[in-house]
2 protein chains.
Amino acid sequence: MRYSQYMLNTVKEVPADAEVLSHQLMIRTGMIKKVAAGIYSYLPFGLRALRKVEQIVREEMNRAGAIEVLMPMVTPAELWQESGRWQQYGKELLRIKDRKQADFCLGPTHEEVITDIVRREIRSYRQLPLNLYQIQTKFRDEIRPRFGLMRGREFIMKDAYSFDLDDAGADESYRKMYQAYRRIFERCGLKFRAVEADSGAIGGSFSHEFMVLAESGEDAIVSCDSCEYAANVEKAELKAAGTAAAPAAQLEKVLTPARRSIEEVAAYLKLDPWQLVKTLVVETDSGEVVAVLLRGDRELNTIKLCNLLDADWVEMASDETVLKATGAPTGFAGPVGLTLRILADLEVEAMSDFVVGANEKDYHYTGANHGRDFQVERFADLRQAVAGDACPRCDGKLESWRGVEVGHVFKLGTKYSESMAAKVLDEQGRERALVMGCYGIGIGRTVAASIEQNHDENGIIWPMPIAPFQVLITLVNPKDEAVCEAGEKLYRDLLEQGIEVLLDDRDERPGSKFKDADLIGIPLRVTVGSRGLKDGNLELQVRRGGERSMVPLAEVASRVAAIVTRELAS
Amino acid sequence: MRYSQYMLNTVKEVPADAEVLSHQLMIRTGMIKKVAAGIYSYLPFGLRALRKVEQIVREEMNRAGAIEVLMPMVTPAELWQESGRWQQYGKELLRIKDRKQADFCLGPTHEEVITDIVRREIRSYRQLPLNLYQIQTKFRDEIRPRFGLMRGREFIMKDAYSFDLDDAGADESYRKMYQAYRRIFERCGLKFRAVEADSGAIGGSFSHEFMVLAESGEDAIVSCDSCEYAANVEKAELKAAGTAAAPAAQLEKVLTPARRSIEEVAAYLKLDPWQLVKTLVVETDSGEVVAVLLRGDRELNTIKLCNLLDADWVEMASDETVLKATGAPTGFAGPVGLTLRILADLEVEAMSDFVVGANEKDYHYTGANHGRDFQVERFADLRQAVAGDACPRCDGKLESWRGVEVGHVFKLGTKYSESMAAKVLDEQGRERALVMGCYGIGIGRTVAASIEQNHDENGIIWPMPIAPFQVLITLVNPKDEAVCEAGEKLYRDLLEQGIEVLLDDRDERPGSKFKDADLIGIPLRVTVGSRGLKDGNLELQVRRGGERSMVPLAEVASRVAAIVTRELAS
């Protein structure tokens with residue numbers, strides 16, 4: 001493609017609503033153009049990246065035995081009424097009326113439509129397992145669309161739905177998709193983790209989120225440095241830390257004047273925060289007040305606590321409640337002599353001779369020990385995971401990351417097949433509700449996440465497999481005949497080898513072309529200038545890392561082809 | 001693909017609303033599944049055909065220098081208000097409100113959105129010409145959706161929009177698209193004609209419709225047997241037929257008792273209808289009554305007459321009006337002594353000594369001649385074209401067909417660029433409104449039209465380039481080990497050569513498999529049966545024509561590959 005004939009206009013200014021880097025860079029490189037809030041047109045350069053991701057997704061879905069279909073965007077209310085979601089779904093489900101006042105909605109997901117197809121097409125267990133997918137445009141009327149393609153209203157998604165006769169089959173379908181997703185994101189050239197996740201409102205029995213790692217990611221996750229275990233920080237399981245050494249110190253009440261926080265008390269006592277135990281006074285949605293003990297440097301995981309207490313939510317008790325429950329102001333609560341239920345994190349079980357609050361203003365205890373000085377009702381996994389924690393599955397250690405969710409695999413069970421009567425006959429001729437799974441990948445989101453992960457201060461750094469072009473040839477001065485000739489020949493040679501080349505033949509200042517080259521981030525760059533040409537060389541530069549080398553004219557095409565091939569294969 | 005694991009369920013019954021053959025066959029072969037009126041899901045077998053057409057379209061659009069983009073389906077009212085179509089467009093434009101009560105519509109076409117992109121992206125004539133296209137899902141809320149994919153509400157369309165600095169550039173862009181469209185439909189393996197068309201409400205200066213020829217087509221067209229000329233019957237131009245021979249007969253009033261129609265009079269006088277001239281008494285929308293003379297066997301083209309008279313519509317005069325204007329009942333009107341304006345078709349100009357009505361009940365004249373017996377105000381092209389007519393462009397003859405419109409190229413001019421202020425600076429630095437063209441292809445419609453054109457009483461006959469699979473291997477008895485082994489080996493060999501194969505490994509009766517094979521219409525069929533295998537042969541059958549031959553096992557793969565390659569190239 002010739003840049004001069006391509007609609008790729010880079011811009012310096014980004015609109016105020018472009019808060020995240022991928023959004024800014026997609027606007028600046030003219031990949032997308034806003035049409036309305038959360039609704040974009042994909043311009044040529046952006047669409048090429050999208051299509052690359054789509055193609056990888058398609059190939060890997062096919063390889064995993066899934067079959068491509070295409071469902072409509074406008075779907076009739078009846079199907080959603082059958083599943084119950086017409087009523088349950090919030091305003092993200094954009095409900096519309098056609099000219100005859102019939103009710104429809106724009107499909108934000110397609111469980112209903114696919115279940116309807118399958119119940120009409122499939123009669124027997126012999127037609128199973130079945131996994132149907134589509135790459136299709138969806139609409140969710142987000143109340144606050146933002147971050148460009150990260151949270152748009154109209155967006156392209158790959159959604160797949162598996163149908164099995166039983167749970168074991170569904171688990172196998174799930175496993176295949178999990179593996180296909182790993183291959184997809186590997187082939188996209190992205191660093192990612194498959195994170196164990198709550199299945200949320202969609203209502204499944206287990207699920208994984210696929211997270212592209214990026215500092216700007218919305219989600220905090222941990223992953224094992226030696227096995228595949230990964231989880232959202234909120235969900236990461238933690239192992240028991242062992243048992244405590246026998247108490248060595250005496251319980252002693254010490255003055256800690258006006259020291260309330262762990263940091264203040266530790267500093268005052270010349271200890272480290274991990275040598276203290278903090279006592280959190282927590283109130284549940286049912287009004288119960290409990291004490292939770294954590295190692296001083298740890299954070300409470302309220303989801304785990306809710307699960308343990310079977311509560312919908314918990315919150316820190318008010319100063320008034322704390323005073324009433326402990327007899328002391330907030331900051332001095334402790335388990336010794338406390339009449340509340342006492343729960344403690346697993347880590348506390350392994351501690352001895354620690355510091356706790358004394359339930360008295362300006363006083364703490366040192367030398368405290370559970371079992372001896374107070375009783376814990378239950379030790380449980382109650383804290384937030386952090387880097388360095390032991391992996392719950394192996395002997396590895398957890399690392400911590402931030403991530404952008406780009407894919408999600410759910411085991412759905414029979415939620416939709418029951419409500420919509422999608423049944424088949426099994427080998428014994430009995431009717432059974434199909435066991436379903438559903439599997440999504442945000443195509444635009446994957447492109448955006450790849451930019452969040454791969455960029456520097458000058459612009460995008462595309463991974464080779466999803467780069468809109470693989471090579472950029474820059475004619476430093478396209479009016480120089482020798483430059484033009486060498487550049488055009490290389491352009492033709494590379495195209496002939498099936499390499500995707502953008503030829504910057506624009507009549508612009510070299511400096512502005514180089515700036516654009518950095519910004520649009522094509523992985524390989526060949527600069528054709530009269531200086532190098534005098535010695536029979538062209539400059540080859542790798543966008544990632546910036547490494548440059550002068551390569552003899554005759555060798556450039558084969559060198560470039562070799563790098564492209566290698567990076568696509570890796 | 002293994003048939004046993006593929007969701008391809010043929011059915012015998014078709015729903016009552018499937019009136020046309022392509023719709024019936026698409027339902028019977030499980031290509032599409034109705035979700036709501038005019039809204040379909042594409043099942044795997046159908047989607048494959050669609051994708052084939054899409055890919056040919058994409059390749060040829062790229063080859064013609066067009067650049068792919070993707071615009072949203074949900075588009076904001078503001079853009080449509082700017083162009084004026086928010087008000088003008090009928091109820092086919094499905095207007096919706098989002099959760100914030102902002103007005104949007106589902107895009108039935110994208111002139112507004114693309115013009116908005118281009119006015120924001122393009123500043124200078126140096127960025128022109130530009131042709132942007134997309135393959136995208138559209139929605140038109142048809143009042144009576146029908147014929148399956150022929151007239152759906154949600155449908156896939158390739159739409160392209162060209163932008164040029166001036167008319168000459170726009171004409172060149174139009175010419176390129178015209179040629180690209182010819183290549184597209186040729187590559188699809190379809191018989192078609194590019195027909196000169198009225199541009200209709202979309203408002204352009206000239207346009208062509210691309211018609212796939214099929215007996216069931218909605219449009220009647222004629223095309224030249226030697227040049228590219230083709231036109232809708234209503235629009236086909238006809239040449240002057242020459243001048244008349246000198247009158248030889250006397251004008252003579254003859255009795256034609258109760259003979260009113262041309263056929264009756266001709267039979268009574270022992271003449272052929274072409275030896276008569278019929279006199280049509282026509283009333284225009286402004287109330288004028290005129291007489292129109294046509295050769296006896298010809299049909300009036302009311303569009304041509306309207307154009308000549310500058311009328312919105314014309315209709316045959318009532319019996320009462322005819323009586324008043326001619327003095328005789330309907331069936332005996334003639335030009336001799338008539339006081340109405342007399343217009344005549346060009347063909348009449350070349351006639352002499354003909355029969356006309358005598359404006360008297362039960363009487364006609366023989367030996368009538370214009371110029372001598374009556375005066376014609378104007379000879380003009382006023383009749384419907386028919387097969388055998390002379391081509392208006394060359395010495396060829398016209399053939400007549402019926403066709404299904406699958407594509408349309410328009411020269412739009414500056415309608416949208418003026419109303420939406422899409423301007424660029426020309427070489428002299430003056431602002432100029434872009435001259436636009438727009439170019440559509442119905443992807444699903446093309447697939448449907450190909451079925452209308454290519455089928456027999458047993459089912460579809462796919463042209464190789466758009467066939468969902470190129471080869472079908474039928475295992476007559478998949479439980480026979482030798483059959484299985486030979487079939488599986490051939491399957492692998494063909495897949496390795498990149499050939500698209502469906503392996504019918506289903507445990508079904510052979511007769512039912514052969515019926516399905518005919519129905520789904522894969523171009524090549526290899527039947528693997530134990531009888532042929534005994535002699536080391538497989539049966540190779542061509543779906544079109546049904547030709548069968550026994551081919552030695554070792555040669556089947558290469559024979560099949562050769563046919564596929566040849567048919568894709570032709």
Side-chain angles (χ1 to χ4, degrees), chain A residues 1 4-7 9 30 33 35-37 39-44 46-48 50-51 65 67-76 78-79 91-92 94 96-100 102 104 106 113-114 116-118 120-123 126-127 129-130 132 134 136-137 139 141 143 153-154 156 507, chain B residues 1 4-7 9 30 33 35-37 39-44 46-48 50-51 65 67-76 78-79 91-92 94 96-100 102 104 106 113-114 116-118 120-123 126-127 129-130 132 134 136-137 139 141 143 153-154 156 507:
Chain A
M1 182 56 66
S4 63
Q5 290 163 29
Y6 199 53
M7 196 172 66
N9 304 310
K33 201 95 190 166
V35 177
I39 300 177
Y40 293 87
S41 287
Y42 304 95
L43 300 198
L47 185 61
R48 285 183 76 104
L50 245 76
R51 295 280 194 238
I67 307 174
E68 191 170 4
V69 297
L70 184 60
M71 291 176 268
M73 183 159 175
V74 174
T75 65
E78 290 77 27
L79 294 177
K91 288 193 171 176
E92 284 82 39
L94 186 59
I96 62 177
K97 282 182 190 295
D98 72 1
R99 64 189 294 164
K100 291 172 180 164
F104 288 85
L106 299 186
V113 181
I114 198 81
D116 177 55
I117 290 174
V118 167
R120 294 197 280 162
E121 287 287 317
I122 303 296
R123 291 271 165 269
R126 281 179 300 182
Q127 295 168 284
L130 186 66
L132 300 171
Q134 63 175 347
Q136 192 249 13
T137 298
F139 196 90
D141 202 3
I143 189 158
R153 294 200 285 174
E154 183 168 326
I156 300 172
D507 185 17
Chain B
M1 181 57 65
S4 64
Q5 290 164 31
Y6 199 53
M7 195 171 68
N9 304 311
K33 201 96 190 165
V35 178
I39 300 177
Y40 293 87
S41 287
Y42 304 94
L43 299 198
L47 185 61
R48 285 184 76 105
L50 244 73
R51 294 280 195 237
I67 307 174
E68 191 171 3
V69 298
L70 184 61
M71 292 175 268
M73 183 158 173
V74 175
T75 65
E78 290 77 27
L79 293 176
K91 286 191 173 179
E92 285 82 38
L94 186 58
I96 62 177
K97 283 183 189 294
D98 73 2
R99 65 189 294 164
K100 292 174 180 162
F104 288 86
L106 300 186
V113 181
I114 198 79
D116 177 55
I117 290 173
V118 168
R120 293 197 281 162
E121 285 288 316
I122 303 296
R123 290 273 164 267
R126 281 179 302 182
Q127 295 168 284
L130 186 67
L132 300 171
Q134 62 176 348
Q136 191 249 13
T137 298
F139 196 92
D141 202 1
I143 189 157
R153 292 201 286 174
E154 185 169 323
I156 300 172
D507 185 16

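Chain letters run A, B, ... following the sequence lines, proteins first and then strands; every chain starts at 1. Given the structure is predicted, the values throughout are model-derived calculations rather than measurements.
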Atom NZ of B/K97 with >12 non-hydrogen neighbours under 6.0 angstrom: yes
Select, from A/V74, A/I39, A/L94, the one with the greatest count of heavy-atom pairs under 4.5 Å involving chain B. A/V74
Looking only at heavy atoms and a cut-off of under 4.5 Å, which of B/L79, B/I143, B/I156, B/D507 has the most pairs with chain A? B/I143
Checked B/E78, B/R120, B/M1 vs chain A; the most non-hydrogen pairs under 4.5 Å come from B/R120
Can you check whether A/I114 reaches A/V69 side chain to side chain, under 4.5 Å on heavy atoms? yes
Using heavy-atom distances under 4.5 Å, tell me whether B/L106 contacts chain A through its side chain, its backbone, both, or neither. side chain
Identify which part of B/E92 has an atom lying under 4.5 Å from any heavy atom of chain A, answering side chain, backbone, both or neither. both
B/R51 versus chain A, the contacting section by heavy-atom distance below 4.5 Å: side chain
Under 6.0 Å from the CZ atom of A/R126, do we count more than 12 heavy atoms belonging to anything else shown? no
Rounded to the nearest 0.5 Å, what's the gap from CD on B/E154 to CG on A/L70? Could you check? 8.0 Å
Which atoms of A/E68 come close to chain B, meaning under 4.5 Å heavy atom to heavy atom: side chain ones, backbone ones, both, or neither? both
Given A/Q5, A/K91, A/K100, the one with more heavy-atom pairs under 4.5 angstrom with chain B than any other is A/K91
Looking at B/L43 and B/G30, what are the two nearest heavy atoms and their distance? CB-O, 3.3 Å
Looking at A/T75, A/I96, A/T137, which one has more heavy-atom pairs under 4.5 Å with chain B than the rest? A/I96
Engaged part of B/Y6 at the chain A interface, taking heavy atoms whose separation is under 4.5 Å: both
For B/L130, is it the side chain, the backbone, both, or neither that has a heavy atom closer than 4.5 Å to a heavy atom of chain A? side chain
Test log, rule side chain to side chain contact (heavy atoms under 4.5 Å, CB included), inputs A/I122 and B/M7: CA-CA 8 Å; A/I122 303 296; B/M7 195 171 68; 4.3 Å; yes
Does the side chain of A/Q136 reach to within under 4.5 Å of the side chain of A/M73, using non-hydrogen atoms? yes
Is B/L50 close to chain A through its backbone or its side chain, or both, or neither, when contacts mean heavy atoms under 4.5 Å? neither
Could you look at B/L47 and say if it's the side chain, the backbone, both or neither that has a heavy atom under 4.5 Å from chain A? side chain
Toward chain A, the part of B/E121 with a non-hydrogen atom under 4.5 Å: both
Lys/Arg-Asp/Glu bridge criterion (N-O < 4.0 Å) met for B/D98, A/R153: yes
A/V35 side chain near B/M71 side chain, heavy-atom distance below 4.5 Å: no
